[in-house]
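Start at 1 and go down the list; that is how both ligands and their atoms are numbered. Predicted, not measured: the structure shown is a model, and the values here were computed from it.
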Amino acid sequence: MTLHAPYDPSNIFAKILRGEIPAVKVWEDDAVLVFMDVFPQSEGHVLVISKTSQARNLLEVEPETLAALTAATRRTAAAVVKALSPEGFSIMQFNGEAGGQTVFHLHFHIIPRWADRPLKGHGQAGMADMDALKATAERIRAALA
Ligand code: 5GP
């Protein structure tokens, strides 16, 4: 998928937004949805998406959508740190297939990091245990300011 293509409403995050497939949600408001990555690269890997925009990548996003996504990413990262006590965290955002993107609905990854835990490869992690994912989401939700 190139950087320049129409938005595909059958992408997996659009299906999550429409409630057609399940997701382990952390929190949401009118503008954003924050949910657990089902193939986590580390414990507590969270995704942040817009509920209103059809931007596929950073080049297409409206300024007000980007502002909402950035604020939600910061708020969620603070909760992740409080809940899981990582030693650091990575914010990742991929654009275009050649840039590593696999789902073409703009999103930010929040990936907690520990020095002694190697990061699983992007797109190479196994599926999470659903009960463990729900428990982690609950811990992050409880730590939201
Ligand atoms: P990208 O490669 O586009 O930056 O990131 C897409 C992310 O979506 C990946 O980290 C992948 O693990 C995650 N993902 C793919 N399919 C699903 C799904 O059905 N549910 C959830 N929660 N995450 C998914």
Does [X] reach the side chain of [Y], with side-chain heavy atoms less than 4.5 Å apart?
{"X": "Glu62", "Y": "Thr52", "answer": "no"}
{"X": "Asp30", "Y": "Lys51", "answer": "no"}
{"X": "Phe104", "Y": "Glu97", "answer": "yes"}
{"X": "Trp27", "Y": "Ile140", "answer": "no"}
{"X": "Phe108", "Y": "Leu66", "answer": "yes"}
{"X": "Arg139", "Y": "Leu84", "answer": "yes"}
{"X": "Val46", "Y": "Val34", "answer": "yes"}
{"X": "Phe13", "Y": "Leu33", "answer": "no"}

Taking 4.0 angstrom as the limit and counting only heavy atoms of [X], give me the atoms of ligand 1 inside it, by number and element.
{"X": "Val103", "result": "3 (O), 6 (C)"}
{"X": "Val38", "result": "17 (C), 18 (C), 20 (N), 21 (C), 22 (N), 23 (N), 24 (C)"}
{"X": "His122", "result": "1 (P), 2 (O), 4 (O), 5 (O)"}
{"X": "Gly100", "result": "2 (O)"}
{"X": "Ile12", "result": "19 (O)"}

If you measure from each non-hydrogen atom of [X] to ligand 1, which part falls under 4.0 Å: side chain, backbone, both or neither?
{"X": "Gln41", "value": "neither"}
{"X": "Gln93", "value": "neither"}
{"X": "Met36", "value": "backbone"}
{"X": "Phe35", "value": "side chain"}

Determine which pairs satisfy ring pair (Phe, Tyr, Trp, His ring centres under 6.0 Å) with at least one residue from residues 52-74, sequence neighbours left out, and list them in order. none
Looking at ligand 1, would [X] count as a contact under a 4.0 Å heavy-atom criterion?
{"X": "Met92", "answer": "no"}
{"X": "Gly123", "answer": "no"}
{"X": "Phe13", "answer": "yes"}

Among protein heavy atoms, which lies nearest [atom], and at what distance?
{"atom": "atom 5 (O) of ligand 1", "result": "His107 NE2, 2.9 Å"}
{"atom": "atom 16 (N) of ligand 1", "result": "Phe39 CE1, 3.9 Å"}
{"atom": "atom 12 (O) of ligand 1", "result": "Asp37 OD1, 2.6 Å"}

Would Gln101 count as being in polar contact with ligand 1, using the rule that some N or O on each side must be under 3.5 angstrom apart? no
N/O separation below 3.5 Å, Thr102 to ligand 1: yes
Under the side chain to side chain donor-acceptor pair (under 3.5 Å) definition, can you give me all pairs with a residue in residues 39-49, not counting sequence neighbours? Asp37-His45, Gln41-His122, Glu43-Arg117, His45-His109
Counting only N and O atoms by type, is there a donor-acceptor contact under 3.5 Å from the side chain of Ser90 to the main-chain atoms of Met92? no
